[in-house]
Protein chains: 4
Amino acid sequence: MSLDPRPRQRRKETRPQELLDAALELFVEKGFAATRSEEVARRAGVSKGTLYLYYPSKEELFKAVVRQKLSQLIAEGQDMVGSFGGSTSDLLRQLMHIWWERFGNTPAAGIHKVVIAEVRNFPELAQFYADEVITPADRLFSSTVERGIARGEFRALPVHDVATALMAPMIFLALHRHSFGACPVHGVEMDPMAVLNTQLDLVLRGLETRA
Amino acid sequence: MSLDPRPRQRRKETRPQELLDAALELFVEKGFAATRSEEVARRAGVSKGTLYLYYPSKEELFKAVVRQKLSQLIAEGQDMVGSFGGSTSDLLRQLMHIWWERFGNTPAAGIHKVVIAEVRNFPELAQFYADEVITPADRLFSSTVERGIARGEFRALPVHDVATALMAPMIFLALHRHSFGACPVHGVEMDPMAVLNTQLDLVLRGLETRA
Amino acid sequence: MSLDPRPRQRRKETRPQELLDAALELFVEKGFAATRSEEVARRAGVSKGTLYLYYPSKEELFKAVVRQKLSQLIAEGQDMVGSFGGSTSDLLRQLMHIWWERFGNTPAAGIHKVVIAEVRNFPELAQFYADEVITPADRLFSSTVERGIARGEFRALPVHDVATALMAPMIFLALHRHSFGACPVHGVEMDPMAVLNTQLDLVLRGLETRA
Amino acid sequence: MSLDPRPRQRRKETRPQELLDAALELFVEKGFAATRSEEVARRAGVSKGTLYLYYPSKEELFKAVVRQKLSQLIAEGQDMVGSFGGSTSDLLRQLMHIWWERFGNTPAAGIHKVVIAEVRNFPELAQFYADEVITPADRLFSSTVERGIARGEFRALPVHDVATALMAPMIFLALHRHSFGACPVHGVEMDPMAVLNTQLDLVLRGLETRA
DNA sequence: CATGAATGAGACTTCATTCAT
DNA sequence: TATGAATGAAGTCTCATTCAT
């Protein structure tokens, strides 16, 4: 009965990556609930059943995407902070550029949009994402601010609040990029790097201990 | 047999308001797609059919919520800016407090979360929301920054980027409040007013023309 | 878009009965797992969605069938035993005839087949059916045997074992009727009433205290 | 690299047996439709593909199980009846004990449960099982009853009905063992041998020609 | 002979919307 | 106006069977 014309390809090695890539794209595009597992499969070039061979549920697929696309990235950032030699202002500037290049400007950032929108409907994902992404990211920026204070470069302000204020615009821009930025809408254009530079200049001026 | 103490006549007039309130709550809680029209109706104390008597589709209901809950608010902010007498730093501080009290800290802010998450699935809502909310909000902050520059209080920086940098943390916090803030998740607590004050202090220090 | 030609019938009162009847037929015919909820609906003349309006899941539908078709029947049998005036041998004969007419020879008996076959796959149904049907049926026959012994009509044998021996052929025949009896198979015909009469004669002869 | 101590050659010959054993267990446990072919394979220690190498479909696998586990058994019973020397009452008692030990109390009896439950969904199996199991089993008991009548030990009752009445409780108990008996359910315990002895005593008393 | 990756029909259940009353 | 019964498209996940290796 099966007239399937194309040869079934057997590629256990590369399948997970292809599925993860397709899933990322679609989750970002449609959101978690609105992404149909069949479409993930089709976009990865396999059948519905194959997807479930690798990931037992849509929720697990999502977690796998988070792990591969986000967790890793943050760990790398943390490494950079540990080994950086220059001033903390420069470190923050560099952190921000890298962040934008490797995260804000890639599909990965769209995941955050999805999580923000749908955690309340999928409580299990909430703690997972908090542990896997939010807490580590927080630590990354907090430890950087602490470094600045410890080295006498920054004023002694509440570390966590400053860290949040630093991250906020980056996340805001990433969200924007994956919502309105992806729609053909007039009047909402913005230049992310310009905004980020402007805001970092402002904040650094505010942070630095005056001569 | 009718034990309902509320006179029937009075009800009719308040129906739309009750429906809008219920819809706002639920859209914020669940998102647009995940909100079931039946639950909106039930929470407003009417039947499913009645909801459709007032709003011909879920999408129209959503637009009505936006119009009533957001557009108005921004207009009021614009009025305040026009009539404010003090320094622009004080104006921004006041703007921020009011914004948090009347928007960031109310369900209304949750709507933004919903829009960010689902615009791409409901393209018609994109332009509507951009025109109705984003552009006016932008104008509100841009004009305030311009005022500061015009009065010599602020340095002459790119107005629009500064405005975005000012709004970003507020929006970030509002989104957070309606996503992780509403989940029983550990490790992601933050004090919005402290963050906002910290960030505004930093930015104002960076904005002000040095003596 | 809906071209539905037939007028939607609104019959909240009679729907549950129609659904229960259709469900009984199909469960008996196909078994629990193999019965598709859509077919239950179709056979009751409604759409798939309507079924779920009345019963929230296939499992609940099944329980409702059991309650309506079995539990009631056993209760009526119990009443009869309580008010019967004649000899216990006659009571058993009557019980058996009624049982066959009102249960063994009706679709209701097929339910037992289904339960026997599928309890192990649906553990929740096991206790439900044990409490709702098996235990009461046991009580019905045990109390009758006890009556015979108490009145000196029967020898003092282990009550519960005798009760089981009495029920066994009835149940066996009912199962047979709904499995092979419903298939066009040669060589397995049997006349239930003849078997039951033969077996009851044998057992009563064995039970009775010899003159 | 191969740590498998079993020589490969030996395996090949025992494969079918291992598959049949695994299939029996699972069919009894889950039923025919609910048994997944992959699990049969896994329990037999081979891959899914290998199963299909030996049996072209689940249905053929099932038939093979019936042939090996049931047909043989009945043939042996028939032999015993032919060569038995004592009274027919003793023969029946012995038959019953052997039946319970070698069939009722083994997984094989569970097959009958499966067939009863699912014949209607797999019509081809109906005639197969009738020819292979039901008719021979019937003959086994009928011929025994005939022997008793021919030797003047039993009253001249309808042979086939008596045979059915004799088998019924055994089958009933076997079914029970593999359904409720396998579930952790309260209130449905019974002692099979006690029931069988009780019923056989009753029936033999009824069968025997009074002195 | 043996493997296990791949397929896709099919099952249960949800929910926006309609419409008879 | 108001109700809520009814519809049916759509979505997640399962599993018998096939086939490239």
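For H112(A), the ring-ring contact (aromatic ring centres under 6.0 Å, His included) criterion is met by Y129(A), not counting sequence neighbours. Looking at residues two or more places apart in sequence or on another chain, you find a salt bridge (charged side-chain N to carboxylate O under 4.0 Å, His left out) between E39(D) and R43(D). Partners of S47(B) by side-chain hydrogen bond (donor to acceptor under 3.5 Å, both in side chains), not counting sequence neighbours, listed by chain and number: T50(B). Looking at residues two or more places apart in sequence or on another chain, you find no side-chain hydrogen bond (donor to acceptor under 3.5 Å, both in side chains) involving K113(D).
To the nearest angstrom, P of dC13(F) lies 9 Å from CG of L51(A). As a whole-Å value, the separation of R36(C) CZ from dA9(E) C1' is 11 Å. Atom P of nucleotide dC12(E) and atom CZ of F122(C) are separated by 10 Å, given to the nearest angstrom. The interatomic distance linking L53(C) (CG) with dC12(E) (P) rounds to 18 Å, in whole Å. Between E60(C) atom CD and dT14(E) atom P the separation is 13 Å, expressed in whole Å. When rounded to the nearest whole Å, the span between CZ of R42(A) and P of dG11(F) equals 10 Å. Rounded to a whole Å, the CD atom of E39(D) is 10 Å from the P atom of dA16(F). As rounded to whole Å, 14 Å separates atom C1' of dT7(E) from atom CD of E38(D).
For the pair P56(D) and S57(A), both in contact range of DNA chain F, the more 5′-proximal nearest nucleotide belongs to S57(A). Mapping T35(C) and T35(B) onto DNA chain E by nearest heavy atom places T35(C) closer to the 5' end of the strand. Ranked by how close their nearest DNA chain F nucleotide is to the 5' end, G49(A) and T50(B) are led by T50(B).
At a non-hydrogen distance threshold of 4.0 Å, nothing from residues 19-33 of chain A comes into contact with DNA chain F.
Contact annotation for Y55(D): no contact, since no heavy-atom pair falls under 4.0 Å across all strands. Among the heavy atoms of the strands lying under 4.0 Å from S37(B) is at least one base atom, whether or not backbone atoms are also near. Within the nucleic acid shown, K58(D) comes within 4.0 Å of sugar-phosphate atoms alone, with no base atom in reach, counting heavy atoms only.
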remark   = Its dot-bracket string being built from Watson-Crick and G-U pairs below 3.5 Å, with | for another strand and [ ] for crossing, DNA chain E has the pattern .||||||||||||||||||||
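Look at Y54(C) and you won't find any side-chain N or O under 4.0 angstrom from OP1 or OP2 of dA5(F). Taking 4.0 angstrom as the limit, Y52(C) places none of its side-chain polar atoms (N or O) nearer than this to OP1 or OP2 of dT7(F).
Ionic pairing of K63(C) and E132(C) is not present here: no N-O contact between side-chain nitrogen and carboxylate oxygen is shorter than 4.0 angstrom.
Once rounded to the nearest 0.5 Å, the distance linking CZ of F62(B) with CD1 of I111(B) reads 4.5 Å.
Interface remark: the K48(D) side chain does not form any donor-acceptor pair with the dT3(E) base, using a distance-only criterion of under 3.5 Å.
Screening D21(A), L19(A), T14(A) for a side chain to side chain contact (heavy atoms under 4.5 Å, CB included) with Q17(A), the sole residue that qualifies is D21(A).
A distance-only check finds no donor-acceptor pair linking the side chain of K30(A) to the backbone of R36(A) [under 3.5 Å]. Distance alone, capped at 3.5 Å, is enough to place a donor-acceptor pair between the K58(B) side chain and the F32(B) backbone.
Considering all non-hydrogen atoms of both residues, V114(C) and V28(C) come closest at CG2-CA, 4.1 Å.
Here the side chain of V46(A) is nearest to one of dT7(E), dT3(E), dA6(E), namely dT7(E).
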